[in-house]
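Notes to accompany the following structure.
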Amino acid sequence: MNLLENKTALITGAARGIGRAIALKYASEGCDIAFTDLVFNDQVEQTCADIEAYGVRVQFYAGNAADFESAHETVQQVKQDFGRIDILVNNAGITKDGLLLRMSEQQWDAVINVNLKSAFNFTHACAPVMMSQRAGSIISLSSVVGVSGNAGQANYAASKAGIIGLTKSVAKELGSRGIRANAIAPGFILTDMTAALSEDQRKQWEQMIPLRRGGTPEEVAKVALFLASDLSSYVSGQVIHCCGGMNC
Ligand code: NAI
């Protein structure tokens, strides 16, 4: 299958984890890949090499996705380098957990800026490019806790709920221009982000999951492939849960 042949995807925060898995999945379907992360490092180099092995074009752009100007500069550069942007994946994200009463303003602002404002920045910058193409698919990483809330994650849950509001609004505003917008709400996925949890916390999560295991980044990437490709040509404004049945 070459579900994404002749397409270009821009993925934020794709040096590792879910973003990297999405980049590799898209590349395996013939998609050229532009991706961002904070800095160039060994992980970026490895991800570039692994994408190139599929015989597609790849280009890395260093930058802070939370910075409005930098996001717009990146998108202009990608448009110049690749000529088009068919798929945007708003993936960059962080956690800074803590109970509400102990949460600092800095913890709140950092998570809202990196997780939510970054998605606004890149959607805002990519929308005119996609509008001129009269086609595009915007996919943003939400989370099950953006739907259910979670003690100790008020900032993170709020940012991920915000992603859902942004996605549904963009779907309504830009649908007439041929642009689809959807969100993925992963549950407990085994990446560096969740590796920071203790063994006890990990076991607690697994007990809440009907499939009794954490998901892999590749399992989220398969949903992202569906949403990027024509397989989902009539799907927009939706939140697809990828959580082993946890939020059902
Ligand atoms: P990760 O921590 O493994 O990877 C995140 C990547 O984003 C890293 O490469 C990091 O350098 C990059 N990044 C962080 N801040 C950035 C910024 N300001 N600008 C550009 N890049 C930045 O995380 P993971 O697990 O791969 O998560 C990816 C997305 O999926 C995030 O939005 C996360 O909130 C979401 N998600 C993850 C879940 C999980 O269980 N791992 C569950 C639900 C949602």
Side-chain angles (χ1 to χ4, degrees), residues 10-25 34-48 60-75 88-97 109-122 125 139-150 153 155-164 166-167 183-197 201-202 204-206 208-209 211 213-221 223-224 227 239-244 246-247:
L10 168 57
I11 308 168
T12 65
R16 65 176 196 222
I18 293 171
R20 173 188 146 86
I22 293 173
L24 292 179
K25 177 60 75 186
F35 76 96
T36 82
D37 215 293
L38 286 168
V39 290
F40 182 81
N41 58 21
D42 290 351
Q43 289 178 323
V44 170
E45 204 170 359
Q46 186 61 54
T47 297
C48 284
F60 170 71
Y61 305 84
N64 178 1
D67 184 307
F68 185 82
E69 293 301 330
S70 159
H72 282 72
E73 280 164 22
T74 298
V75 168
L88 167 66
V89 183
N90 290 310
N91 168 79
I94 57 169
T95 52
K96 286 195 184 292
D97 297 351
D109 287 346
V111 169
I112 297 294
N113 286 337
V114 175
N115 295 8
L116 180 56
K117 189 179 173 207
S118 67
F120 164 70
N121 292 343
F122 275 87
I139 299 154
S140 300
L141 271 292
S142 177
S143 164
V144 289
V145 307
V147 178
S148 63
N150 194 26
Q153 287 197 307
N155 52 357
Y156 185 78
S159 74
K160 295 302 184 181
I163 287 281
I164 295 173
L166 174 69
T167 296
I184 304 176
F188 184 75
I189 309 299
L190 302 164
T191 67
D192 288 358
M193 188 177 268
T194 45
L197 298 175
Q201 285 173 309
R202 230 190 327 274
Q204 270 176 21
W205 273 104
E206 282 166 8
M208 289 191 285
I209 302 170
L211 290 182
R213 64 173 178 86
T216 65
E218 291 71 27
E219 287 173 312
V220 180
V223 179
L227 291 174
V239 183
I240 314 272
H241 291 240
C242 179
C243 62
M246 186 164 47
N247 259 22

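Only heavy atoms go into these numbers, but all of them, side chains included; no hydrogens, no water, no symmetry mates. We count ligands from 1, going down the list as the structure has it; atoms in each ligand are counted the same way.
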Nearest protein heavy atom with distance in Å, relative to atom 42 (C) of ligand 1: Gly187 O, 3.0 Å
contact_flag Asn91 ligand 1 heavy-atom lt 4.0 Å: yes
Within-cut-off N or O pair, Thr191 and ligand 1, under 3.5 Å: yes
Note, Ile184 side chain near Leu227 side chain (heavy atom, < 4.5 Å): yes
Phe60 and Phe35 aromatic ring geometry - parallel, tilted or perpendicular at 30°/60° bounds: tilted
Contacting atoms of ligand 1, where contact means under 4.0 angstrom from a heavy atom of Ala65: 17 (C), 18 (N), 19 (N), 20 (C)
Polar proximity ligand 1 side, Ile18 side, N/O cut 3.5 Å exclusive: yes
Enumerated ligand 1 atoms positioned under 4.0 Å from heavy atoms of Gly63: 19 (N), 20 (C)
Flag, side chain of Glu219 to backbone of Thr216, donor-acceptor distance under 3.5 Å: yes
Side chain proximity check, Leu10 to Val75, heavy atoms < 4.5 angstrom: yes
Asp97 backbone acceptor or donor facing Thr95 side chain under 3.5 Å: no
Residue, atom name and distance, where the atom is the protein heavy atom closest to atom 34 (O) of ligand 1: Tyr156 OH, 2.6 Å
Close N or O approach (Arg16, ligand 1; < 3.5 Å): yes
Whether Lys160 side chain and Leu141 backbone form a donor-acceptor pair below 3.5 Å: yes
Backbone N/O of Ala66 and side chain of Asn121: donor-acceptor pair under 3.5 Å: yes
Heavy atom of Lys160, distance to ligand 1 below 4.0 Å: yes
Contact check: Asn115 vs ligand 1, nitrogen or oxygen atoms, below 3.5 angstrom: no
Asp37 N/O under 3.5 Å from ligand 1 N/O: yes
Atom 5 (C) of ligand 1 - nearest protein heavy atom and its distance: Gly93 O, 3.9 Å
Which residue and heavy atom of the protein sit nearest atom 6 (C) of ligand 1, plus the separation: Gly13 O, 3.3 Å
Asn91 side-chain N/O to Gly13 backbone N/O, donor-acceptor pair under 3.5 Å: yes
Heavy-atom nearest neighbour in the protein, as seen from atom 16 (C) of ligand 1, with distance rounded to 0.1 Å: Leu38 CG, 3.7 Å
Donor-acceptor contact below 3.5 Å, side chain Thr36 vs main chain Ala62: no
Side-chain heavy atoms of Asp42 within contact of Glu45, under 4.5 Å: yes
Residue Ile189 vicinity, atoms of ligand 1 by number, heavy atom under 4.0 Å: 39 (C), 40 (O), 41 (N)
Side chain, backbone, both or neither: Gln43 near ligand 1, heavy atoms under 4.0 Å: neither
Note, Thr167 side chain near Ser142 side chain (heavy atom, < 4.5 Å): no
Contact (N/O only, under 3.5 Å) between Val114 and ligand 1: no
Donor-acceptor contact below 3.5 Å, side chain Asp37 vs main chain Ala15: yes
Enumerated ligand 1 atoms positioned under 4.0 Å from heavy atoms of Asn64: 17 (C), 18 (N), 19 (N)
Per-residue contact class, Pro217 against ligand 1 - non-hydrogen pairs under 4.0 Å: neither
Ligand 1-proximal atoms of Thr194, by part, heavy-atom distance under 4.0 Å: side chain
Distance filter under 4.0 Å to Ser142 heavy atoms, resulting ligand 1 atoms: 43 (C), 44 (C)
Contact atoms of ligand 1, heavy-atom distance to Ile94 under 4.0 Å: 14 (C), 15 (N)
Donor-acceptor contact present, side-chain Asp67 to main-chain Ser70, <3.5 Å: yes
Proximal ligand 1 atoms for Ser143, defined as those under 4.0 Å from one of its heavy atoms: 43 (C), 44 (C)
Heavy-atom donor-acceptor pair, Thr12 side chain to Ala65 backbone, under 3.5 Å: no
